[in-house]
Amino acid sequence: MAGLKQVQRQTGVALWRQIADRIREAISAGAYDETGMVPPETGLALQFGVNRHTVRSALAALAQEGIVRAVQGRGTLIERKERFNFPITRRTRFTAGIGDQAREMRGLLLEEAKEEASAEVARWLGLKPGAEVIRLETLREADKRPVSKATSWFPAERFAGIGEAYRKHESITKAFAELGLVDYVRATTEVTAAHAATADLADLELTPGAILLIAKAMNTDLDGVPVQYSISRFAADRVQFTIEN
């Protein structure tokens, strides 16, 4: 159990959630690879200085995420689910990036809206604040597992109809092509990590405390004109990023 960080009381984050995060991080780092099992509840309770009920709540949350599974008479087994490798390149595409790692992929349009660009969206898209943009909320699945949820903005004047095109093709790339943009490139990607917000938990089938990899990205056409600004949230236990030149 070496290497597990201690939990901190009076931080506003529930102890069980902190413990779930620590165990999730340890599993990701390969801390339990020799046994394939999470240490017993009594050992974890001693390690973190909490009671077994708190540890049990943390393990139940991880089980709901599909990371571990309780096996009667044995303990808590780590479920071996390999992460999808998602490359970030000059031409980042979800379908091509996941490629043959998944047998089936889907893109779902959750919401479409026409709105005025906020200062942030306008800055990324090179527009004046208040300019009209189209916002799409999308969910991507691989082998029936939610992998990412994205909020994307597009200049409304250039991409009228992109919502319907996405609904038809389940792909931003194919939607762009239908609207006359045959190629585009990734200009900027910023990656951070954070706990999943309440709005993303249900769609990504996560439990409170789950970690997301958040990618802010801007795509441009081949003339360097911004065509899309997106904030994509990836389930951190299902995806790893590879930065490629």
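A donor and an acceptor atom, one from each side chain of Tyr229 and Glu120, are located under 3.5 Å apart.
The side-chain hydrogen bond (donor to acceptor under 3.5 Å, both in side chains) search around Glu115 returns Arg135, Trp153, not counting sequence neighbours. Take Glu170 and apply the side-chain hydrogen bond (donor to acceptor under 3.5 Å, both in side chains) test, not counting sequence neighbours, and it matches no residue. For Ser171, there are no side-chain hydrogen bond (donor to acceptor under 3.5 Å, both in side chains) partners at least two apart in sequence or on another chain. Take Arg186 and apply the side-chain hydrogen bond (donor to acceptor under 3.5 Å, both in side chains) test, not counting sequence neighbours, and it matches Thr189, Asn219.
In this structure, the side chains of Val38 and Ile78 come closer than 4.5 Å at one or more pairs of heavy atoms. Between Met218 and Gln228, the closest side-chain pair of non-hydrogen atoms is not below 4.5 Å. For the pair Phe176 and Ile162, the minimum side-chain heavy-atom distance is below 4.5 Å. Side-chain contact between Met105 and Ile98 is present, with heavy atoms from C-beta onward closer than 4.5 Å. Using a 4.5 Å heavy-atom threshold, the side chains of Glu205 and Gln64 count as separate. Annotation: side chain of Pro146 is in contact with side chain of Arg238 (closest heavy-atom distance under 4.5 Å). Annotation: side chain of Leu125 is in contact with side chain of Pro155 (closest heavy-atom distance under 4.5 Å). In this structure, the side chains of Val227 and Leu181 come closer than 4.5 Å at one or more pairs of heavy atoms.
Between the Asp143 side chain and the Arg145 main chain, no donor and acceptor come within less than 3.5 Å of each other. Side-chain N or O atoms of Thr35 include one that pairs as donor or acceptor with a backbone N or O of Met37 at under 3.5 Å. Proximity of a side-chain donor or acceptor of Gln101 to a complementary backbone N or O of Asn85 within less than 3.5 Å is detected.
When all heavy atoms of Leu179 and Gly161 are compared, the pair lying nearest together is CD1-C, 4.2 Å. Between Ala26 and Tyr32, the closest heavy-atom pair is CB-OH, 3.6 Å. The two atoms that bring Arg106 and Arg140 nearest to each other are O-NE, 3.1 Å, heavy atoms only. Counting all heavy atoms, side chain and backbone alike, Gly126 lies closest to Pro226 at N-CG, 4.4 Å.
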| request: For the pair Lys168 and Glu178, evaluate side-chain contact (heavy atoms from CB on, under 4.5 Å) and give the outcome as yes or no after the intermediate values. | output: CA-CA 10 Å; Lys168 183 196 307 182; Glu178 180 175 313; 3.1 Å; yes

| message | I'd like to know whether Asp221 forms a salt bridge (charged side-chain N to carboxylate O under 4.0 Å, His left out) with Arg158, so could you lay out the CA-CA distance, the side-chain angles of the two residues, the decisive distance to 0.1 Å, and finally the verdict. | response | CA-CA 12 Å; Asp221 62 20; Arg158 184 173 182 181; 3.0 Å; yes

| task | Go through the steps for Leu204 and Leu139 under the test side-chain contact (heavy atoms from CB on, under 4.5 Å), then give the verdict. | result | CA-CA 8 Å; Leu204 290 172; Leu139 182 72; 3.9 Å; yes

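The ring-ring contact (aromatic ring centres under 6.0 Å, His included) pairs that include a residue from residues 54-75 number zero, where partners must be two or more places apart or lie in different chains. Every pair tested for salt bridge (charged side-chain N to carboxylate O under 4.0 Å, His left out) that includes a residue from residues 189-199 fails, sequence neighbours excluded, so the list is empty.
Between Asp203 and Arg233, no side-chain nitrogen of the basic residue sits less than 4.0 Å from a carboxylate oxygen of the acidic one, so the salt-bridge criterion is not met. Electrostatic pairing of Glu25 and Arg22 does not count as a salt bridge here, judged by no charged N lying under 4.0 Å from a carboxylate O. Salt bridge present: Lys144 and Glu104 bring a charged side-chain N and a carboxylate O closer than 4.0 Å. Contact check on Arg90 versus Asp183 returns no salt bridge, with no Lys/Arg side-chain nitrogen under 4.0 Å from an Asp/Glu carboxylate oxygen.
Using cut-offs of 30° and 60° for the angle between ring planes, the Phe241 and Phe234 rings count as perpendicular.
Enclosure of atom CD in Gln240 by more than 12 non-hydrogen atoms of other residues, nucleotides or ligands within 6.0 angstrom is indicated.
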